Amino acid sequence: MLISKWFWIFLTMYLKDGPSLLLKAQRPAVTVILNTSIISEHQQASDPRYPPLREVDVLRRLHQETSITVALEYFKSVVGSRLFQHTSRTYQIMIEKLGRENKMDAIQYLLQQMKLEGLACTEDIMISVISSYASFGSADQALKTFYRSGDLGCKPTVKIYNHLLDALLKENMFNAISPIYNNMKKDAILPNVFTYNVLIKALCQNNRFDAAYNLLEEMSNKGDLPDSVSYTTLVSYLCSSGRLEEAIKLVKMINPSVQTYNALINGLCKESRIKEALHVAFSMKDKALRPNVITYTTMVNALCKTGNLRLSLAILAKMFMKCCAPNMYTFASLLKGFFENGKVHEAIDIWNQLIQDGHIPNLITYNILIHGLCLNGNLKKAMDVLDEMDQNGCSPNVTSYGTLIEGFSKIGDIEGASLMWNRMIESGCNPNVVVYTSMVDMLCRKNMLDHAWNLIKNMISENCLPNTVTFNSFIKGLCDSGRTLWALNILDEMRRQGCWPNTRTYNELLDGLCRENNLTGTFQLVDEMFQSGVELNVVTYNTIINGLSNAGMIKEALALIGKMKVKGIQPDSITFNAIIHEYCKQGRILNATRLVGGMADGNCFRDVFTYSTVISGLSIQHRLEDALVYFLKMLSEGIWPNAVTWNALVIALFEEIGCSTAIQSLENILGK
Ligand SMILES: *[C@@H]1O[C@H](CO)[C@@H](O)[C@H](O)[C@H]1NC(C)=O
Ligand SMILES: *[C@@H]1O[C@H](CO)[C@@H](O)[C@H](O)[C@H]1NC(C)=O
Ligand SMILES: *[C@@H]1O[C@H](CO)[C@@H](O)[C@H](O)[C@H]1NC(C)=O
Ligand SMILES: *[C@@H]1O[C@H](CO)[C@@H](O)[C@H](O)[C@H]1NC(C)=O
């Protein structure tokens with residue numbers, strides 16, 4: 001009796017003050033919290049004037065009590081009284097209550113207490129404990145408790161095994177699954193459909209489809225026919241591991257449920273095989289099945305994503321015809337599709353219709369609306385949505401504010417972004433790394449580099465660690481304003497923060513170094529890229545080639561083009577334009593025009609910059625006729641001249657033939 005008294009006192013304290021006190025006061029300081037009212041309750045409970053309690057009374061009382069602390073105090077006050085002896089059912093309800101609040105230590109003590117009182121742990125209690133651990137992500141603890149089941153007087157059943165296997169699967173503890181299954185066989189417990197389904201899922205997750213098929217066969221042989229869950233699991237995993245054809249074949253061979261059909265339709269849609277998906281959906285009626293709201297929504301979503309808005313509306317119409325009410329996800333897909341395709345008015349019409357039909361928008365749909373409006377530059381209206389959310393009792397989350405902050409940041413509206421930032425903080429919503437990065441990006445655009453750096457330091461001190469995107473924004477800001485050395489220091493800082501630079505990081509830095517004509521630094525950095533295994537992309541090569549050309553090192557630049565081709569990276573017009581520009585600058589027009597001619601070989605299109613550069617080069621050398629040849633060539637390729645082209649031509653014409661004739665000639669050209 002004494003043990004249990006100390007135990008209750010400890011528990012009450014633990015529940016009131018949380019786990020930190022548990023450590024401090026677990027043993028020695030117990031006397032301190034002896035609470036007279038607890039003792040008096042004990043006395044009250046053992047007072048012979050009170051009538052004995054019935055199990056139903058205790059159960060009802062525990063059931064109705066909303067506060068876990070009070071419930072436990074009541075439970076405890078009953079113990080030790082002569083009025084009632086706890087039963088496995090009263091224990092069960094207490095354990096379930098504790099489990100919902102993740103008071104797992106308390107549960108372990110209760111289990112121990114049951115054992116002390118000679119009460120066996122029931123199947124329901126064991127399942128409740130396993131499920132509680134599973135729902136808080138502690139399958140390993142569930143496993144430990146399961147191993148104690150013999151000690152607790154609980155005989156494992158197929159239901160207990162199923163819950164345990166499910167818990168292990170949820171946390172991908174595949175290594176534990178097979179021993180447990182073997183254990184089960186050893187205990188001569190027959191697996192049921194649920195057991196098989198858990199195993200099938202585990203096998204699918206490990207890409208062991210053959211073993212999964214074998215299990216299906218084993219099920220059929222034992223008379224436990226695979227059910228909708230078995231097939232749906234298999235079909236979904238076949239689809240998600242790129243074995244779509246196999247999934248199609250399987251569905252043809254069985255009598256699929258709507259869920260199994262939906263899994264296949266989802267797989268087809270994900271591979272953009274929408275026509276086939278529609279075909280499958282409409283073939284459901286051959287098996288006397290009707291597509292449900294998930295079937296339709298999957299297709300609407302796929303169609304919207306590929307921009308086929310007309311057909312997505314046709315599906316919506318079909319839903320109405322078939323009396324299948326669209327849900328929030330259906331509308332969310334439509335809204336997103338219309339906004340992303342720039343159909344703002346139509347999207348707003350859909351929204352209004354949704355409200356008119358009595359749908360109550362949730363955070364997901366509100367966020368889509370805000371994002372759509374920001375995407376299409378309608379920030380004012382997006383801000384109104386925030387007000388509307390507040391009025392409708394739907395609190396915006398960090399994504400809602402972040403979308404607006406990003407919108408303001410993109411157009412460089414510091415005031416708008418700050419307004420949103422403050423509103424977010426005032427509403428008690430903490431900024432995340434995405435929101436911080438938007439702010440850093442905007443400050444960099446405004447050349448407020450010190451502010452940006454302070455914000456990053458703030459992130460670090462608030463333990464909202466900046467990621468590669470954040471650092472890339474800052475590094476770009478620094479390089480753009482000629483602070484390349486600072487940017488190089490940030491590269492080191494990044495690594496110190498455990499954040500890995502990517503190709504974009506290096507590209508920004510290389511750009512900064514090349515702009516300062518620091519070729520030594522450039523090559524050092526390229527070396528570093530090779531050493532740390534960061535991929536060089538076409539932008540990297542173009543940046544270096546541009547740097548080499550500007551420094552007059554054409555031979556090296558051409559050699560680099562050869563290298564990039566070897567690496568399988570096709571040079572583009574930017575690559576060639578850099579060298580053509582340098583050739584022209586050096587007056588080596590023939591080399592330049594040769595390169596222009598060679599571009600077409602590499603499937604690389606000449607653009608307005610290519611031609612303007614050559615035409616400028618020719619006009620500087622007073623070679624009007626050649627310039628005009630390139631001018632006509634340009635027009636014949638459908639490339640429209642820009643200001644630089646005109647400027648070069650006009651200068652050449654004036655020098656060659658004088659003012660009035662020049663204007664005449666230009667008019668002639670334009671007349672054509
Ligand atoms: C003793 O416990 C009762 C509830 O049973 C509580 O209201 C009271 O504040 C406690 N007293 C002390 C001194 O902790
Ligand atoms: C904000 O809410 C949306 C919609 O419920 C959700 O998708 C998003 O993950 C939430 N954002 C964060 C950072 O939790
Ligand atoms: C070039 O960059 C390197 C860093 O890689 C730096 O140490 C060096 O000072 C720079 N040179 C000049 C001239 O700025
Ligand atoms: C540039 O043209 C000259 C002849 O005009 C040629 O000798 C030289 O090899 C060319 N250079 C390159 C890099 O093609």
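Both ligands and their constituent atoms are indexed starting at 1 by order of listing. What you see is a predicted model, and the numbers here were worked out from it, not measured in a lab.
- Between Asp413 and Arg445 there is no salt bridge, since no side-chain nitrogen of the basic residue lies less than 4.0 Å from a carboxylate oxygen of the acidic one.
- At distances below 3.5 Å, at least one donor-acceptor pair connects side-chain atoms of Ser409 with backbone N or O atoms of Ser438.
- Using a 4.5 Å heavy-atom cutoff, the side chains of Phe471 and Pro501 are not in contact.
- Salt-bridge check for Asp166 with Lys170: passed, with a basic side-chain N closer than 4.0 Å to an acidic carboxylate O.
- Among residue pairs with one or both ends in residues 337-353, those qualifying as side chain to side chain donor-acceptor pair (under 3.5 Å) are Gln353-Asp357; sequence neighbours excluded.
- Near Arg588, the atoms of ligand 4 lying under 4.0 angstrom from a non-hydrogen atom of the residue are 11 (N).
- Considering both main-chain and side-chain atoms, Thr399 comes within under 3.5 Å of ligand 2 through a nitrogen or oxygen pair.
- Heavy atoms of Lys555 come nearer than 4.0 angstrom to ligand 4 in no pair at all.
- Ion pairing between Lys585 and Glu582 holds under the 4.0 Å rule for side-chain N and carboxylate O.
- Residue Arg594 has at least one heavy-atom neighbour below 4.0 Å for each of these atoms of ligand 4: 2 (O).
- Near Val398, meaning under 4.0 Å from any of its heavy atoms, are these atoms of ligand 2: 13 (C).
- Using a 30° and 60° split on the angle between ring planes, Phe474 and Trp453 fall in the parallel class, below 30°.
- When each atom of ligand 2 is checked for a heavy atom of Asn397 under 4.0 Å away, the hits are 1 (C), 2 (O), 3 (C), 8 (C), 10 (C), 11 (N), 12 (C).
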Counting only pairs under 3.5 Å, give me each side-chain donor-acceptor contact of residues 573-580, with atom names and distances, residues two or more places apart or in other chains.
from: Ser573; atom 1: OG; to: Asp607; atom 2: OD2; distance (Å): 3.2
from: Thr575; atom 1: OG1; to: Asn542; atom 2: OD1; distance (Å): 2.6
from: Thr575; atom 1: OG1; to: Asp572; atom 2: N; distance (Å): 2.9
from: Thr575; atom 1: OG1; to: Asp572; atom 2: O; distance (Å): 3.1
from: Thr575; atom 1: OG1; to: Asp572; atom 2: OD1; distance (Å): 3.0
from: Asn577; atom 1: OD1; to: Thr610; atom 2: OG1; distance (Å): 2.8
from: Asn577; atom 1: ND2; to: Ser573; atom 2: O; distance (Å): 3.3
from: Asn577; atom 1: ND2; to: Asp607; atom 2: OD1; distance (Å): 3.2

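- Close approach of ligand 4 to Tyr583 (heavy-atom distance below 4.0 Å) involves ligand atoms 12 (C), 13 (C), 14 (O).
- Using a heavy-atom distance under 4.0 Å as the criterion, the protein contacts of ligand 3 are Leu488, Leu513, Asn518, Gly521, Gln524.
- Residues satisfying the side chain to side chain donor-acceptor pair (under 3.5 Å) criterion with Thr232, sequence neighbours excluded, are Thr260.
- Of all atoms in ligand 2, numbered sequentially from 1 with element shown, those under 4.0 Å from a heavy atom of Asn367 are 1 (C), 2 (O), 3 (C), 4 (C).
- Taking every heavy atom of Ile364 and a limit of under 4.0 angstrom, the matching atoms of ligand 2 come to 4 (C), 5 (O).
- Electrostatic pairing of Asp441 and Lys446 does not count as a salt bridge here, judged by no charged N lying under 4.0 Å from a carboxylate O.
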